[in-house]
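Notes follow the structure.
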Amino acid sequence: MLRELIYERLKSILSEQEFQYDFNVEVPDERFGDFSSNVALIGARYFKKPPIEVARYFINKLSNDPLFSEVSVAGPGFLNFKISKDYYINILNDMLTKEKNYWKPKKNGLKLQFEYGSANPTGPFTVGHGRQLIIGDVLSNVFKFLGFDVTREMYLNDAGRQIRLLAKSLWVRYNELFGKSFELPEDGYKGGYLIDFAKKLKDEIGDKYLEKWDNEIEKFFMDYAVRNILEMMNSTLEKLDSKFDSVVSEKSLIEKGLVDEVLEIFKNKGLIYEKDGAVWFKVSNLINEEDKVLIRSDGTYTYFLTDIAYHYDKFLRKFDKVYDIFGSDHHGHIPRMKASLKALDIPESFLDFILHQFVTLKRNGQVVKMSTRSGEFVTLDELIEEVGKDATRYFFAMNDINTHLNFDLELAKSKTVDNPVFYVQYAYARINSVFEKAREKGIKFRFKEDIERLEKEIELNLIKHLDELSFVLKDTTEKLSPHILTNYIYGLSEKFHSFYAKEKILDDSDLPLSNARLNLLYAIKIVYEIVFNLLGITAPDHM
RNA sequence: GUGCCUGUAGCUCAAUUGGAUAGAGCACUGGACUCCGGAUCCAGAGGUUGCGGGUUCAAUUCCCGCCAGGCACGCCA
């Protein structure tokens, strides 16, 4: 990785002087060179000399280094580097030899868990869940590619009050089918899917539970509704090509006794008390917030309590680090969650939250209101149906997670409008078609041969861009931002299309050059396959 | 009221966490295959980075204060 090589060289020059400070190596505007560094600007303070003089010191030290064809100083004291052609050829050769392993660092044994897509199983996934699912899926993929031991997990809140509301709502729908009218409970679920479930249920059991309601029947309706909703959710996940390694249910945590264990620990630490018939957690002892209820006066557990137990469970499962991916509406949950982990003597660094802002869905310029309970929403299923899996995944990944995502349905649906997904996929299809054309023309592809014929600026620049994938993957995991990856592949596509338009790849009059360029395309193809795989979108041979 | 996020070209978004003349796409203007896929490419125009201070060699980025939008402040999840 070029960036690292340059960084190491600069660092070792610093250590000769026994200086140690942070600086960066980055890709500047093309007119400045291949890479640049601010090492001299920052170093001025340590060298006690003007930046330009410090820069000259570095240039002197690096002048005979075969890695560079040129090192210069510019502006206020930036060091600009041009990588030698020979080195680029070496790198390309290395990529072709190692294929995708070129971009994989040595194994990193850290055990990570990503929790995302967690929801009440009370309705189908909404568009909002979609963003979360893709962020979680893509980040998991990248961490895994970089050698981490990754578990993707979904948490199901299948034990709470909402499930009982769901059961009752289904029961009301069921009765309606027999012409018996009951009021939907307040905050009940109004979604049409419950009517479908009710019809199915009527076929299966007839009038068995008509106008009857007790604890047994409630349990039956809860199980029936949850089972069917999970089926819906799984079918959506399949369409999205999103797989979980495990699903943890709230119910199972309670049955395992983890909630009791947590309560016991808190009790021993004097962190709980009773008031108004409920059990409270002394959050105010730990952070500057109000105390919270753990057990309601009717004896049921709050979400907060079972979630603490869940995170205790994660800790007992010996993850080195866990990430919770939520919508930004959950941000209020963070401080108290961190406080409770502290109360359990779990190190603060164990848990990190990744919050994403909301998705605003627009249809004909109008904002579509989404709410699971009112039943007015566009489901993730419908969205995938309309715009396809690839566009859905790419669009959810391509924005900074901290910004609101405007998803214009009409625009996304339209096949004629320019779509970044098509742009990047088209580049890949084009590469394939060049190889096909070469076969038609009888130009034989000689793997790893003739590559020293590559010398044009744009060719070497493409090699640099391929090399940069290592940095981009690292950056994606450090900033926990999938959009860095989509930006990268879009940038590679721009460079490739530009190269394609400018230079003829298959040139009958110069077969070695053609072969060199085919080798370059082969390396580009590997990078596309890596990135498409990480994003979970298809790599089309033809379009 | 308190806390979190956001504000960048007409629109949708970037900007390598403090770097050089703030970049792309759409839309607009004008060009490019008798040729490896024109779903492409090249060029032009478009900016007081919400406003005002501060920190320093350097601020879209960090700090303070305003303004605007989103979200959260439950014995909901």
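Numbered from 1 within each chain, the chains take letters A, B, ... in sequence-line order. Reckoned from all heavy atoms, side chains included, excluding hydrogens, waters and symmetry mates.
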Open item on the list: Nearest to the N120(A) side chain among rC13(B), rA77(B), rC36(B), which nucleotide is it?
Closed with: rA77(B)
Task: Nearest-angstrom distance from the residue atom OH of Y301(A) to C1' of rA77(B) - done: 18 Å
Open item on the list: Would R3(A) and F35(A) count as a cation-pi pair here, with the cationic atom under 6.0 angstrom from the ring centre and within 45° of the axis?
Closed with: no
Task: Distance-only side-chain donor-acceptor flag, S433(A) / E436(A), under 3.5 Å - done: no
- [ ] Measure from the side-chain heavy atoms of H330(A) and tell me the nearest of rC75(B), rA77(B), rU12(B).
- [x] rA77(B)
TODO: For rG65(B) versus rU21(B), give the span between their P atoms, rounded off to a whole number of Å.
DONE: 31 Å
Open item on the list: Can you see if the side chain of R296(A) gets near the phosphate of rA77(B) - specifically, an N or O under 4.0 Å from OP1 or OP2?
Closed with: yes
Task: 5'-most by nearest nucleotide on RNA chain B - E503(A) or Y423(A) - done: E503(A)
Open item on the list: For F422(A) and Y426(A), I'd like to know if the aromatic rings sit close, meaning centre-to-centre distance below 6.0 Å.
Closed with: no
Task: rU60(B) versus rC42(B) - spacing of their P atoms, nearest Å - done: 29 Å
Extract from the structure each pairing of a protein N or O with an N or O of nucleotides 42-45 of chain B at less than 3.5 Å, listing the distance.
{"from": "rC42(B)", "atom 1": "OP1", "to": "S498(A)", "atom 2": "OG", "distance (Å)": "3.1"}

- [ ] Name the closest nucleotide to the H333(A) side chain, picking from rC75(B), rC41(B), rA77(B).
- [x] rA77(B)
Task: Atom pair distance, as rounded to whole Å: CG in L305(A) and P in rC76(B) - done: 13 Å
TODO: Report yes if the distance between the aromatic ring centroids of Y323(A) and F353(A) is under 6.0 Å, otherwise no.
DONE: no
Open item on the list: Is there a side-chain contact between Y488(A) and the phosphate of rA24(B), meaning an N or O under 4.0 Å from OP1 or OP2?
Closed with: no
Open item on the list: In dot-bracket form, 5' to 3', how is RNA chain B paired? Count Watson-Crick and G-U wobble pairs only if both distances fall under 3.5 Å, and write | where the partner sits on another strand.
Closed with: (((((((..((((.....[...)))).(((((.......))))).....(((((..]....))))))))))))....
TODO: Provide the distance between the two C1' atoms, one in rC5(B) and one in rG23(B), to the nearest whole Å.
DONE: 24 Å
Open item on the list: At under 4.0 Å between heavy atoms, how does the protein contact nucleotides 14-20 of chain B? Give one character per nucleotide, 5' to 3', with B, S or -.
Closed with: SSBB-BB
Task: Euclidean distance for C1', rU17(B) against rC75(B) (whole angstrom) - done: 42 Å
Open item on the list: Without decimals, in angstroms, what is the distance between L405(A) CG and rC71(B) P?
Closed with: 15 Å
Open item on the list: Measure CD1/I505(A) against P/rC36(B) and give the value in whole Å, please.
Closed with: 12 Å
Open item on the list: What contact category does K437(A) fall into here, base, sugar-phosphate, or nothing, at under 4.0 angstrom with non-hydrogen atoms?
Closed with: sugar-phosphate
Task: Check: N515(A)/K444(A) side-chain N/O donor and acceptor closer than 3.5 Å - done: no
- [ ] Determine whether the side chains of S514(A) and D507(A) contain a donor N or O and an acceptor N or O closer than 3.5 Å.
- [x] no
Open item on the list: Using atom P in both nucleotides, what's the gap between rU40(B) and rG25(B) to the nearest angstrom?
Closed with: 10 Å
Task: rC36(B) OP1/OP2 closer than 4.0 Å to side-chain N/O of S433(A) - done: no
Task: Atom C1', compared across rG18(B) and rC57(B): separation rounded to whole Å - done: 12 Å
- [ ] Examine the base of rC75(B) for any acceptor or donor lying under 3.5 Å from a partner atom in the side chain of S297(A), and report the outcome as yes or no.
- [x] yes
Task: Of the listed nucleotides rU40(B), rC75(B), rA77(B), the one nearest the side chain of Q162(A) - done: rA77(B)
Open item on the list: Taking the minimum atom-to-atom distance to the side chain of Q357(A), which one of rC5(B), rC75(B), rA77(B) wins?
Closed with: rC5(B)
- [ ] Mark yes or no: K11(A) above the aromatic ring of F19(A), with NZ or CZ under 6.0 Å from the six-membered ring centre and no more than 45 degrees from the axis.
- [x] no
Task: Spacing of H331(A) atom NE2 relative to rU2(B) atom P, expressed in whole Å - done: 14 Å
Open item on the list: Under a plain distance cut-off of 3.5 Å, with no hydrogens placed, do N24(A) and Y7(A) share a side-chain donor-acceptor pair?
Closed with: no
Task: Pair Y189(A)-Q162(A), side-chain donor/acceptor within less than 3.5 Å - done: yes
- [ ] For the pair K342(A) and E348(A), find out whether any cationic side-chain nitrogen is under 4.0 Å from an anionic carboxylate oxygen.
- [x] no
Open item on the list: Counting only side-chain heavy atoms from C-beta out, which of rC71(B), rA39(B), rU12(B) sits nearest to S328(A)?
Closed with: rC71(B)
Open item on the list: Please tell me whether H333(A) and D307(A) have a donor and an acceptor in their side chains that are separated by less than 3.5 angstrom.
Closed with: yes
Open item on the list: Under 3.5 Å, is there a donor on one side chain and an acceptor on the other for T538(A) and D390(A)?
Closed with: yes
Task: Row check, Y46(A) ring normal vs K48(A) NZ/CZ: under 6.0 Å, within 45° - done: no
Open item on the list: Do S328(A) and H331(A) pair up side chain to side chain, a donor and an acceptor below 3.5 Å, judged on atom types alone?
Closed with: no
Task: N406(A) side-chain proximity, nearest of rU12(B), rU40(B), rC36(B) - done: rU12(B)
Task: Selection from rA77(B), rC71(B), rA39(B) that lies nearest to any side-chain heavy atom of R161(A) - done: rA77(B)
Task: Rounded interatomic separation in angstrom, taking CG from N419(A) and C1' from rA24(B) - done: 15 Å
Task: Separation of atom CZ in F353(A) from atom C1' in rC71(B), rounded to whole Å - done: 16 Å
Open item on the list: What's the gap between rG10(B) and rG46(B) when it is taken at their P atoms, as a whole Å value?
Closed with: 11 Å
Open item on the list: Quick check: on RNA chain B, is the nucleotide nearest N402(A) upstream (toward 5') of the one nearest F304(A), or the reverse? Name the residue that is more 5'.
Closed with: N402(A)
